[in-house]
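See structure below.
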Number of protein chains: 2
Amino acid sequence: MSDTKPVDAHSPECMKVSQVLSRLGDKWSVLVIMMLRERSQRFSELKRGIEDISQRMLTLTLRNLERDGLVSRTVTPSIPPRVDYELTPLGLSLAEPVQALGMWVFRNIGELSAAQARYDARERDHTSAA
Amino acid sequence: MSDTKPVDAHSPECMKVSQVLSRLGDKWSVLVIMMLRERSQRFSELKRGIEDISQRMLTLTLRNLERDGLVSRTVTPSIPPRVDYELTPLGLSLAEPVQALGMWVFRNIGELSAAQARYDARERDHTSAA
DNA sequence: CGGCATCCAGTCCGATACTG
DNA sequence: CAGTATCGGACTGGATGCCG
């Protein structure tokens, strides 16, 4: 890219980037993507895999991902019904940069936590030094 | 990479990843990071650069980034006061994977929009076919 | 100029209950 | 098993006004 003048926050492109970023930033999307990266899974597998996600939020998250074309939904009309979710090629390709970001965080957890601790400590000083 | 068993959603690492992701997912953080990627900037430069950000949100966003050690804040006690913000090395290194993600979105805007349009069209059918 | 405090609307998300 | 509907609390983000 090498955009020398980088941010035109109003271009449709930037809007889309924000949009995707806020999807990824929601509470569960990335977790779901990461779970599906390995293999397609049923609704209840995902639910168990993530544990403290509510049924409602899992449904909503999957719908959103589906809408973005990142996840596909396959209904098998048996009894009981069975629904499998899997990453589309698009979703799979997204998983890569997401993973890269995850690795960055992983590498820098220490720095991050230290910075936060420092900041909070300074905060406390200011507040208590009244 | 090549983690065969990827998601332990309850590990402190994953919590941190989520945390950072939701910071990036908030409305303005990425925009600010991208603006600072080029050069350090004053509060009002950032404000003008992003335009429809409110003063309040710019302040909050910067505080959060500062807390995470991604941005440093330099006060010059002149009159009128002057405050410069710049990416720390940590923030700069974060900008890379973020940029990668941005590029992914950029490359896939078409797919994304198409998928959304398709989904929404199907939605409308279902709803109107009542 | 930079920033905090207040107030308020909109949204997100969890708990619960019900359906095919 | 998978999903929808409803409600209520918490949080996010915008507008405004005041302060150093």
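Both backbone and side-chain heavy atoms feed into the values below; hydrogens, waters and symmetry mates do not.
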Exercise for the section: Return the nearest nucleotide to the side chain of A/Arg42; candidates are D/dA2, D/dT4, D/dG14. Expected result: D/dA2

Exercise for the section: Check every atom of C/dG3, C/dC1, C/dG14 against the side chain of A/Lys27 and return the nucleotide holding the closest atom. Expected result: C/dG14

Practice task
Taking only the side-chain nitrogens and oxygens of B/Lys47, find out if one of them lies under 4.0 Å from OP1 or OP2 of C/dC1.
Solution key: no

Handout entry: A/Glu45 side chain near A/Met35 side chain, heavy-atom distance below 4.5 Å
Key = no

Exercise for the section: Look at the side-chain N and O atoms of A/Tyr85 and state whether any lies under 4.0 Å from the OP1 or OP2 oxygen of D/dG3. Expected result: yes

Practice task
Could you tell me whether the phosphate oxygens of D/dT4, OP1 or OP2, come under 4.0 Å of any side-chain nitrogen or oxygen in A/Arg56?
Solution key: no

Exercise for the section: Taking the side chain as every heavy atom from C-beta outward, state whether A/Leu36 and A/Leu92 have any atom pair closer than 4.5 Å. Expected result: no

Exercise for the section: Take the protein atom CD1 of B/Ile53 and the nucleotide atom P of C/dG2, then report the distance between them rounded to whole Å. Expected result: 14 Å

Exercise for the section: Would you mind reading off the distance between B/Leu60 atom CG and C/dA5 atom P, rounded to a whole angstrom? Expected result: 10 Å

Problem - Contact under 4.0 Å: A/Ser44 side-chain N or O vs D/dA2 OP1/OP2 - result: yes

Exercise for the section: Mind calculating the distance between CD (B/Glu51) and P (D/dG13) to the nearest angstrom? Expected result: 19 Å

Fill in the blank from the handout: Considering only heavy side-chain atoms of B/Val83, the closest of C/dG2, D/dA2, D/dG13 is C/dG2

Exercise for the section: Decide whether A/Gln116 and A/Arg118 meet the rule of one side-chain donor and one side-chain acceptor closer than 3.5 Å. Expected result: no

Problem - Nucleotide C/dT19, atom C1' - distance to CD1 of A/Ile79 in whole Å - result: 14 Å

Exercise for the section: Tell me which nucleotide among D/dG13, D/dG3, C/dC1 gets nearest to the side chain of B/Pro80. Expected result: C/dC1

Problem - Donor-acceptor pair between A/Thr61 and A/Asn64 side chains, under 3.5 angstrom - result: no

Problem - Listed nucleotide nearest any side-chain atom of B/Gln55, set C/dC4, C/dC1, D/dG14 - result: C/dC4

Problem - Nearest-angstrom distance from the residue atom CG of B/Asp52 to P of D/dG14 - result: 9 Å

Fill in the blank from the handout: Whole-Å distance, B/Met57 CE to C/dG3 C1', equals 14 Å

Problem - Under-4.0 Å salt bridge between A/Asp84 and A/Arg82 - result: yes

Exercise for the section: Compare side-chain N and O positions of A/Ser54 against OP1 and OP2 of C/dC13 and report whether any pair is under 4.0 Å apart. Expected result: no

